[in-house]
Structure formats: C-alpha cells, structure tokens
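Both ligands and their constituent atoms are indexed starting at 1 by order of listing. Note that the structure is predicted; figures quoted are calculated from it, not measured. Along the sequence shown, residues carry numbers from 1.
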Amino acid sequence: MTVNRTQIGIIGAGPAGLMLARLLMEQGISSVILEAKTRKYVENRIRAGVLESGTVDLLNRAKADYRLKVKGQIHEGLELSINGQRSRIDLKRYSKGKSVTIYGQTELTIDLINTHLKAGGEIVFDAQNVQPNNFNTLEPKLTYSKNNIDYQLDCDFIAGCDGFHGISRSKIPIKDQNIFERVYPYAWLGILAESPPPSNELIYATHKRGFALYSMRPPSLSRSYLQCSPSLDLNDWPDNRIWDELQIRLGSQIDSHVSQGKIREKGVTPMRSFVVEPLRYGNLFLAGDAAHIVPPTGAKGLNLAMSDIQYLADAFLDFYKNNSFTGINNYSDRALSRIWKTERFSWWMTSILHKTKNESSFDDRIRLTELEYLLSSEAAMRSFAENYVGLPF
Ligand code: FAS
Ligand code: PHB
C-alpha cells in the first residue's frame, strides 16, 4: 500500500471537486482529487449550459475563465412560450442589471482541469474503489487503487464531490441522514444538434403536449429538451420525430422555426428534487450533487454546486489561515440556506411549466394563471428574475 498525504482529499472531478481544488490551491492549501472515470470521459460529459454571475466570479478567482471571457454569451433576457404565444422576460431590467452567461459545463470542466494541472494540481483519474475511511476521527483517509496498485491518502478533511450516485453519501449511516425528496412523473429528452436555435435567447415553452426548452451551445450548436416519460425508449424517438415535436411545442408564430440538423447526442434526464441534511459528518463534507439535486428547469444544478464550494473553500481557509473551526462548523447551515431557496425556485419553475397527465382541469388552469400573473406583474417578474440570475452566493 502506497501512502501519501494532503490537506484536503476530494472525491470527484466534476465542477464541484475541480472548483474546490482550484480555490484551495490559490490559497496555498493542498488537495488531491480522486476521480473514478478517465479524463476523456469527464471532459466529454454534456450537462448544464447556464452560468450565474456567482459562478462566473468563482471561475475568475480560480483563474480558469480565460475561454469563458471569449466564448461565453451574456444573456439579458429569456422567452416564455405559452401554447405558442411568446413573451420575453427582461432579466436585466427586473434583476437590477444582472444577467446569465451561456457556457457549457463541458467547457467549464475542461478549463478547470487544464488550469489545475498546469498549476501543478493533482488529479488522479481512473481511481478505482475510492473509499472514505475514519472520517469520524482526526485522521480521515481515502483508499483507492489504480493500475492494480493500492493507495492510501491521509488527509485532514474529505470533500465528497462525487455526485448523486457517488460513494460519499452512501458511507454515512442512513440513521444520520435526513433525506428530503420529490421524484417528478416526467423526464427530459435532451439533444445536442448542429443547427441554430430558434431564437438568440432561451425559450421555455409550455404546451398542451408538454414542456420544451430551446437552448444553445455557441457558436453553432443548439441544445433542446422535450418533456417525456421517465421510461421513454430512445428507439421510439428517431430524429425526425424529435424535430417535429420541438416545432409543435414551440408553436407556429411566423419567426418560430426549429431548424433541423445532425443530432450529436441524445439522452434522457430524470427529474427529481433531493436534499440530504446535514452536509457534514465528522471530517467528511458533502457538496454539489452529492448533497442535493434540482430539476434542471431553473438551470440551477451546476450553479448550486458552485455556491456550496465557495462556502466550503471559505471554511477550509478559515481553518488553515485563522486556526478557527467557525467556518467548518457553519458550512452545512450556511449552504443549506441557499440550497433550499434554490430547491424552491427549481420546484416552482418546474411545476408551472410541466403539464402532467393526471392533472385536474383546476390544476391546469392554476398553472396557466401562475404564468399569466408572472407576465402581468412587475413584482412577480422581479422575483422570477432575481432567482433565475441567481440569489447572492
Ligand atoms: P458531478 O456529478 O458533475 O461530478 C461528480 C464526479 O464524481 C464525476 O466526475 C464522477 O465520475 C465522480 N465520481 C462519482 N462517484 C465516484 C467515486 N465513487 N469515486 C470517484 N469519483 C466518483 N444542471 C443544470 O444546471 N442544467 C442542466 O441542464 C443540467 N443537465 C443535467 C443533465 C444530466 C444528465 C445530469 C446528470 C445533470 C444535469 N445537471 C444540469 C446537473 C449537473 O450539471 C450537476 O448539477 C453538476 O454536474 C454538479 O456537479 P458535481 O457536484 O461536481 O457532480
Ligand atoms: C442548457 O442549455 O443545457 C440548459 C439551459 C437552461 C436550463 C436547463 C438546461 O434550464
């Protein structure tokens, strides 16, 4: 067994683990990331596309925003399409000047990995059977194997940044986990295609046939989603059926045209809201999807992982620089406060935009009235905009 040591042992090289390692290194705190997948796999995962300003600020602090500054697209508004009738929401006006940036999570991950490795950071890809141990003692350790060699990584703290299906949360006794969960009766069929999006801003469409979202990956790709059954068989959805359905749900206004193009990627994303409390177990800390899941409607998953990481990096900095446990002791409550407000918005936006099969006529009318009220009230637009651009980190 080869034994190494670092200050923070991080499980997972997704956005949460990578950003944490970057922020720590910038403050002279050592870490090692143990990632189960290969670098190629991690750098090819297609997920989120909308960055809040807090996330953009963190990428700048992490010195990993050089490509974002060139390729990122600032969006000051978005459109809602209600049964084909489109209305624009001026995010900048109603959020006192804030906006969002369109930049794929794939690119963000590549930037963080390149920056960290160039700075001498340590990321162990293809780390097998990563196990957090002794995290209820002052000598937590991670064990793993790579190329048939067993390793032990001694550390002061372990950050569980290994996503919803990771090992960290599962190592915590279920009796110590307070789980809050809602599983939605629908999913999203997502495509990445070589075709221009129907508008230069995002369009969230609710239609009697179901929800659709029209997004993009500048400069030449569109990223679109269709509400579907969680048990959808992709074989039943050939490209032309997807394009036709996207056109129907967008509606037939003159400028409402969905251009068809080669579909590079097709996938089904289940929809759930999930939070585990607390986020700290001894010297093991959960952050990002390991701690919570939001339905992707509000474009919050990635951004919520980033606010967790800002708080966790602050906590470790407080410990190592000020010899104080205050940040560490407050991390869970501080992160959960913003997590629950974001869970609320993501649940609300999902619920008003997705029609469900067994929805009563009353529920359907309330849903449409919620949208009508939103578009007719400055107060409602201000509330929507401050949540969509991202509550303060
Ligand atoms: P991640 O899941 O990104 O990263 C966890 C990392 O840990 C992975 O690299 C994994 O390989 C590794 N890992 C797991 N188990 C391990 C183990 N035992 N040992 C070592 N490593 C391990 N959010 C949005 O805002 N908008 C979207 O449109 C959107 N679409 C999504 C689509 C899909 C299919 C999924 C799954 C999520 C989507 N999300 C979206 C949410 C997503 O972006 C997450 O919020 C974001 O990836 C969270 O980052 P992390 O917490 O780092 O977790
Ligand atoms: C995306 O571009 O992938 C995206 C945008 C907004 C969302 C979800 C996904 O709400």
Only counting residues at least two apart or in another chain, list the ones meeting salt bridge (Lys or Arg N to Asp or Glu O under 4.0 Å) with Lys63.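 Glu26.
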
Which protein non-hydrogen atom lies closest to [atom], naming both residue and atom, and how far is it?
atom                    : result
atom 43 (O) of ligand 1 : Gln105 OE1, 2.5 Å
atom 25 (O) of ligand 1 : Gly301 N, 3.2 Å
atom 27 (C) of ligand 1 : Ala48 CA, 3.4 Å
atom 11 (O) of ligand 1 : Glu35 OE2, 2.7 Å

Using a heavy-atom cut-off of under 4.0 Å, does the side chain or the backbone of [X] touch ligand 1, or both, or neither?
X      : value
Asp289 : both
Ala127 : neither
Ile11  : side chain

Check each protein residue for a heavy atom under 4.0 Å from ligand 2 and list those that pass, ordered by chain and number.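 Residues Arg47, Gly49, Val50, Trp188, Leu202, Tyr204, Leu213, Ser215, Arg217, Arg223, Tyr225, Pro296, Thr297, Ala299 each place a heavy atom under 4.0 Å from ligand 2, listed by chain and number.
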
Distance under 4.0 Å to a non-hydrogen atom of Ala299: what atoms of ligand 1 satisfy this? 25 (O)

What atoms in ligand 1 come closer than 4.0 Å to a heavy atom of Tyr225?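 In order of number, 28 (O).
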
Closest to atom 37 (C) of ligand 1 (heavy atoms only, candidates Met19, Arg47, Gln131, Arg223) is Arg47

Hey, what's the ring geometry for Tyr204 with Tyr388, parallel, tilted or perpendicular (30° and 60° as the breaks)?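 Rings of Tyr204 and Tyr388: perpendicular, as their planes differ by over 60°.
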
Please state whether the rings of Phe164 and Phe274 are parallel, tilted or perpendicular, taking 30° and 60° as the class boundaries.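 The rings of Phe164 and Phe274 stand perpendicular, inter-plane angle above 60°.
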
For Phe345 together with Phe384, are the ring centres under 6.0 Å from each other? yes

Of Tyr331, Tyr281, Phe319, Phe135, the one forming a ring pair (Phe, Tyr, Trp, His ring centres under 6.0 Å) with Phe157 is Phe319

Nearest 0.5 angstrom please: Leu317 CG to Ile328 CD1, how far? 10.5 Å

